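Heads up, the thing below is written out as structure tokens.
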Amino acid sequence: VIFRWWKISLRNEFREARPGEIKESQEDFLGDSSLHIQIAIVFGAKVLEHVLSLCRGNYDFLERLPVPLLLHIISFLELEDIARLSQVSRRFEMICNSNALWKNIVENLCDTITPEMKELAHEMGWKKFFFTNRLQLQLQLRRRRQKQDAQNKELA
């Protein structure tokens, strides 16, 4: 583990200061609580936990993947697996319940989605749209049309 720092100051005495550096083996770093404190102060607790996990050999590649890639991967899972994955962590719960994921799932599974259906899904949420049965969706679409027709008549 290499920890480097630079002093940034307007004072003349620090203008020629060289960067500082500490090099420690992973084992030594794990036991150096003063360095842990310095890292937590400068970079935050999450970075410290990440570095400690790396040194211990605990690295979760799946947790570090970018959200768009995770959304793409998760969209191929079965619904039961998505439900289980949502229980793994807060991050996966947010992703598994996101409109982006359920929009992707709906668009992959449904043959035709009209612009009107997209608007309804956007209003009610794509996950709820997916799990709502067809009769209820037709009823909601009909109500929406009637409401829009009434608004159009008022404007005319």
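Treat the numbers as computed from the prediction; the structure is a model and nothing was measured. Numbers here are sequence positions counted from 1.
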How long is the span from the [atom1] atom in [X] to the [atom2] atom in [Y], to the nearest 0.5 Å?
X    : Y    : atom1 : atom2 : value
F130 : K103 : CZ    : NZ    : 16.0 Å
F3   : L35  : CZ    : CG    : 6.0 Å
L65  : L71  : CG    : CG    : 11.0 Å

Task: Exercise: do K127 and N97 side chains pair donor with acceptor under 3.5 Å - done: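 There is such a pair (donor and acceptor under 3.5 Å, judged by atom type) between the side chains of K127 and N97.
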Are [X] and [Y] packed together at the side-chain level, in the sense that at least one heavy-atom pair is separated by less than 4.5 angstrom?
X    : Y    : answer
K118 : E107 : yes
L62  : F92  : yes
T132 : M124 : yes
V1   : K23  : no

Task: side-chain hydrogen bond (donor to acceptor under 3.5 Å, both in side chains) contacts touching residues 78-87 (sequence neighbours left out) - done: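 Non-adjacent pairs meeting side-chain hydrogen bond (donor to acceptor under 3.5 Å, both in side chains): D81-R84.
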Task: Pairing residues for E21 by the side-chain hydrogen bond (donor to acceptor under 3.5 Å, both in side chains) criterion, not counting sequence neighbours - done: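 Expected list: R4.
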TODO: Might you confirm whether atom CE of M94 has over 12 heavy atoms from other residues, nucleotides or ligands at distances under 6.0 Å?
DONE: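 No, not enclosed.
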TODO: List the steps, then state whether ring-ring contact (aromatic ring centres under 6.0 Å, His included) holds for F131 with W126.
DONE: CA-CA 9 Å; F131 285 108; W126 284 92; over 10 Å; no
